[in-house]
Structures are given as structure tokens and as C-alpha cells.
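Single-structure report; data block below.
Here is how names work: the chains are called A, B, and so on, in the same order as the sequence lines, proteins then strands, and each is numbered from 1. This one's a predicted model, so the numbers in the text were calculated from it and none came from an experiment.
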There are 2 protein chains.
Amino acid sequence: MLSKERLIEFSDDARKNYLDHISIDCVVFGFHGGQMKVLLLKTPDEEKWYLPGGFVLKQEPIDDAATRILQERTGLDKIFLQQFRVFGDPDRSKFHNDLYRDMLPAGENWFSGRFLSIGYYALVDFFDVNPQPDQFSELCAWRDLDDMPELQLDHELIFKSALDTLRLQLNYQPIGYNLMPKDFTMPELQKLYETILDKKLDRRNFQRRVLAFGILTRADKPRKGGAHKAPYLYSFDLENYTNALTEGFKGGW
Amino acid sequence: MLSKERLIEFSDDARKNYLDHISIDCVVFGFHGGQMKVLLLKTPDEEKWYLPGGFVLKQEPIDDAATRILQERTGLDKIFLQQFRVFGDPDRSKFHNDLYRDMLPAGENWFSGRFLSIGYYALVDFFDVNPQPDQFSELCAWRDLDDMPELQLDHELIFKSALDTLRLQLNYQPIGYNLMPKDFTMPELQKLYETILDKKLDRRNFQRRVLAFGILTRADKPRKGGAHKAPYLYSFDLENYTNALTEGFKGGW
DNA sequence: CCTCATCGTGTACAAAGTACACAATTGTAA
DNA sequence: TTACAATTGTGTACTTTGTACACGATGAGG
């Protein structure tokens, strides 16, 4: 939480640089070794956590803003990041609003009034990330999906909405490019899908179905060293992968 | 186009009542008898057309705002209306911006500066609609999909994006409730799907597939009067329909 | 070299998707 | 009245996709 002096400073700054009453909230899903986490922030004063977010610079495309915000929190670049919905009920408001309501008169407090929030979700490997708190928080950390704390405001809704969208997306878009090491085995990729869907999949059928997408290439040599039969290594065929990203998988009608 | 006096009046009004720098644009698809149209507006001064849009009242949920805007243009209520994306590149701006740029200094002109637009799309029966121009336009009319005029700004992009979303949506959501008369025949419903997809579908397979959704109930009596065999009449089973709307159709993984 | 867990491939069955045949119905024209 | 054209309802054969499971192959450890 900011001191009154820092708040005044921030408000003046924000008024100059940022679009008013617009915020971006990111649901950053982190994966590694069959685990799935979400990146959350916390202030020292409050018990509730909140999603990483930020504001849009006056001359900045909103996708760039989301990328920048993510970069500031995770250090990561070039990751899967997608807008999925706007949250804008009048009774919601950027939580800083409530937090700083009493410190400054509304005219001087940039956080006062109604905020719309544009929801983005991202998929990252949480081993690549060293979470960085922002200027409002003391803590930025990965939280397990089945150990979620209570969230501020409508961040619960935003989070659930992101998860639903992700699971739907899985049906007609490839994922995994920046979530897997360059080379990986089929069981490892399957684990990723199972984690997202929270559901067991058949080993053999998964393999055939994924291969049918045509976005993987198999290496000649299997990975040695495991306690059992060495599985083949695969890597993403980037051309087909990005093609599938824009085209989508399955027809329907 | 507004006169300078009306512009001043509007700007003062807007500043009091609307959220700043946020607009809503609606892609209203109109259907009837195998035709598909889009609702567009035009000013007398400009050759280019634009999508019906509007602004969000300070205490209004954004979905309500979209509903209200649609109601003002079409007179319709309770129709399928869905948010699909935010458009917010800095080089876009509500076209009124350009239109009125020179009439007032930026400080007094509410339209000055960058606008974000929230895209909604709607499906209606254009026979139910008597298009109403807004205060900026002289004309509000249905335009055929294969006779589209050039559109202002990024409205071309918004329109295309809406059409893509609609076609995708068709794979896992029921449609048609407010596009068909209360009772309708299977060929009529098929025509709707073919129009949206711009693609012929097999008569018999369409029937079986749609029936398998379980959202239709067949009436006892067929529709008489046609020049050929009388087809059965169907109507939507509203409970199953709304259920399918929230649940979605097909699994995937 | 035997055991065990795991991996790759194959196969049998079910469900869904596709293509087409045929009979039934209705208004119209001979 | 009757033959005809257009269209609808149902059925069926075929293909593709999805699901469940069996088998042999591989590699590490005892």
C-alpha cells in the first residue's frame, strides 16, 4: 500500500500517462511437471489476494499493455497471451479505489470512480519466472489451483472466466509451445493437458489424436536415463503450430 | 453531423453522463428468409458507413449499455447479444473524433482523444426492425452482406471479427431462438445456418444433427399451403435451449 | 537374465459424420 | 381423375472418428 505522498505522486503521474478508468487484469497460468498455478499478488494490509494488473499508456495498444504488464511481473516475453473479456459492472472498481478512497479527495485521487477491466490470460512455465511484486503489493507468488486464497473484488469471477475460456480454447487451438521444453515426451505433454482439464486421458488415444494435429515432429533418438523404456522426444513444428493457432483445428459444420 | 451548438451541448451532456473514452459498437446481423444483412449508419457528409454504437452511462453495466443502444436503433428487446472483443489501438478513435476535431478545442470537445470500443454482436430478424438513425446520422439501414459499403475506421475489422466469432459460436451454441418465428420448418432453420455459414448443408443430415441437440419439439400438424409436401413444424424447447446456451454442445477432450 | 514399469503399436468395437436411395405427400396441369 | 414435379421424412450403407484394451518391446535394477 502506498503512503499518502506516494499516492499523490502516483495519481499525478497516472493522470499524465495512463488512460483513465481502464485497467488490465491478467490471469497468468503457470505450469510445470504436472502442476498448475496462478500468479497472484497481495498487499501487506489486506488478507485477500488479487490478479496482476496495470494500466494502459495513452499511446499504447492494449495488447502491448498486457504484454508489458506481464513482462513486469514475470520477466517473460513472447508468451501466449489472449484477451478474453471485459469486466465492467459499475459496482466493481479497481481495488485500489477502495484502498485509497479515504486518503485523498476524489478529484486528486486517480483511482476514484469506476474502472473497466480488460481480462487477459496467459500460459507460462513457472520455472521460468521469478515473480516481481508491483508498487502496490508486498508479495507476488504462484498459488496452487487447489489452494486458492480468497480474491479481491470480482477477481474470482475473472479467474473462473479465464479458466473456462482456456478449457474451451483447448478444443480448437494448439497450446504448449512456451510451456514445454524444446524437446519433450508424449507423457509430458499429456500431463499438461490433464492438468489443465483436471481429468485423466487415455495414454494411447491421446498420442494418436495429438499426432493427427500435425504440429509435432519426432526426434530420432529417445530420451535415455529414465527407469523404464525410453520414450521418443518430440518438438513443435513451429510453422504448423502457428498455422493451427490462426486457423483452428476442427470444423464443426 | 451536429452543428457547433449541438456539439457543445452534447459534449457537456456527455461529460456529465457517460464514461469517458469508452464506446460500444454493435454488429447487428439481421436475418429473414435466407437473407443476411447488417445494420449500418451513415452521415450526410461522409460517404463511408459505420456500425451502430454508443456510450456507457456512468452507473450502467456494459451489457445493459449494449442492450440500450440496440434498443434505440432497432426497437428490439431481449435478443441475443454478446460481447466478443475490445478494440483499442491508439490510432483508432471514435469517428466522431475526426468529424468534430476542428469545431471545438480539445478541452471542450468530449470526442477528442483516444477511444476504446467494446464490440458486441447481435442476431435479429430484420422484419421486426424499423431502423432508427441516431443523432449523428441521417440514415440507418440494413445492408446486404455481399453489398457492403466501405466502413469508417476499424469498423471493417470489427465487423469481420464479429462474423468469425459468430461462425465459430455456431459449433458449440444453439442459435435461432429470436431469429425464427415461433413455429418453423426444418428447411427454414437450415436456410438460416446456410446463410450464416455461406455454405450448403445436407438436408437429411442437418435434420438429424439438429434434432440430436434436443432443443426442438415437433408439432403434431405440418404447415399446409406450400406447393409440395407439407413439412412438420418445430418450435424451440426453451428450457433445453437456454440450458444449451450456458452449457455448450460438444465436449472435445 | 529375470522382473517390472513404461512405451509404441495394433485391433476390435462403438459412436458420429457423410452420402445417397426410396417412399410419402401436396398442388398443379393434362 | 390422374400423372407429374417438387419437396419432405425416414432408412441404410459407408467412412471417419472416438474409446477401450491387448500385446510385444525396451531399459534399469536386482
On the nucleotide D:dT10, are OP1 or OP2 found under 4.0 Å from the side-chain N or O atoms that B:Arg218 carries?
yes
Between A:Val28 and A:Tyr121, is there a side-chain heavy-atom distance shorter than 4.5 Å?
no
What I want to find out is whether A:Asp147 reaches A:Arg143 closely enough, with some N-O distance under 4.0 Å, to be called a salt bridge.
yes
Distance-only donor-acceptor test, B:Lys229 side-chain atoms vs C:dT25 base atoms, 3.5 Å:
no
What is the separation between atom CG on A:Asn205 and atom P on D:dT19, rounded to the nearest whole Å?
7 Å
In terms of ring plane angle, is the pair A:Phe87 and A:Phe84 parallel, tilted or perpendicular, where the classes change at 30° and 60°?
perpendicular
Output the residues of residues 195-204 of chain A in contact with DNA chain C, where contact means a heavy atom of the residue under 4.0 Å from an atom of the strand; sort by number or write none.
A:Arg203, A:Arg204
Nucleotide of D:dT8, C:dA5, D:dT19 approaching A:Arg209 most closely (side-chain heavy atoms):
D:dT19
How long is the line joining CZ of A:Phe206 and P of C:dC7, in whole Å?
13 Å
Within this structure, what is the NZ-to-C1' distance between B:Lys191 and D:dT8, rounded to whole angstrom?
16 Å
Apply ring pair (Phe, Tyr, Trp, His ring centres under 6.0 Å) to A:Trp142 and list each qualifying residue two or more places apart in sequence or on a separate chain.
A:Phe126
Smallest heavy-atom separation, B:Leu179 atom then B:Leu123 atom, equals CD2-C, 3.3 Å
Basic-acidic side-chain contact under 4.0 Å: A:Lys199, A:Glu194
no
Between C:dT25 (P) and B:Leu233 (CG): distance, integer Å:
17 Å
Can you measure A:His228 atom NE2 to C:dT6 atom C1' for me and round it to whole angstrom units?
6 Å
If the cut-off is 4.0 Å, is A:Gln207 near the phosphate of C:dG8, judged by side-chain N/O to OP1 or OP2?
yes
Does any donor-acceptor pair link the side chain of A:Arg208 with the base of D:dT19 at a separation under 3.5 Å?
yes
For the pair made of CD in B:Gln190 and C1' in D:dG9, what is the distance, rounded to whole Å?
14 Å
Pairs meeting criterion side chain to side chain donor-acceptor pair (under 3.5 Å) with involvement of residues 233-245 of chain A, two or more places apart:
A:Thr217-A:Ser235
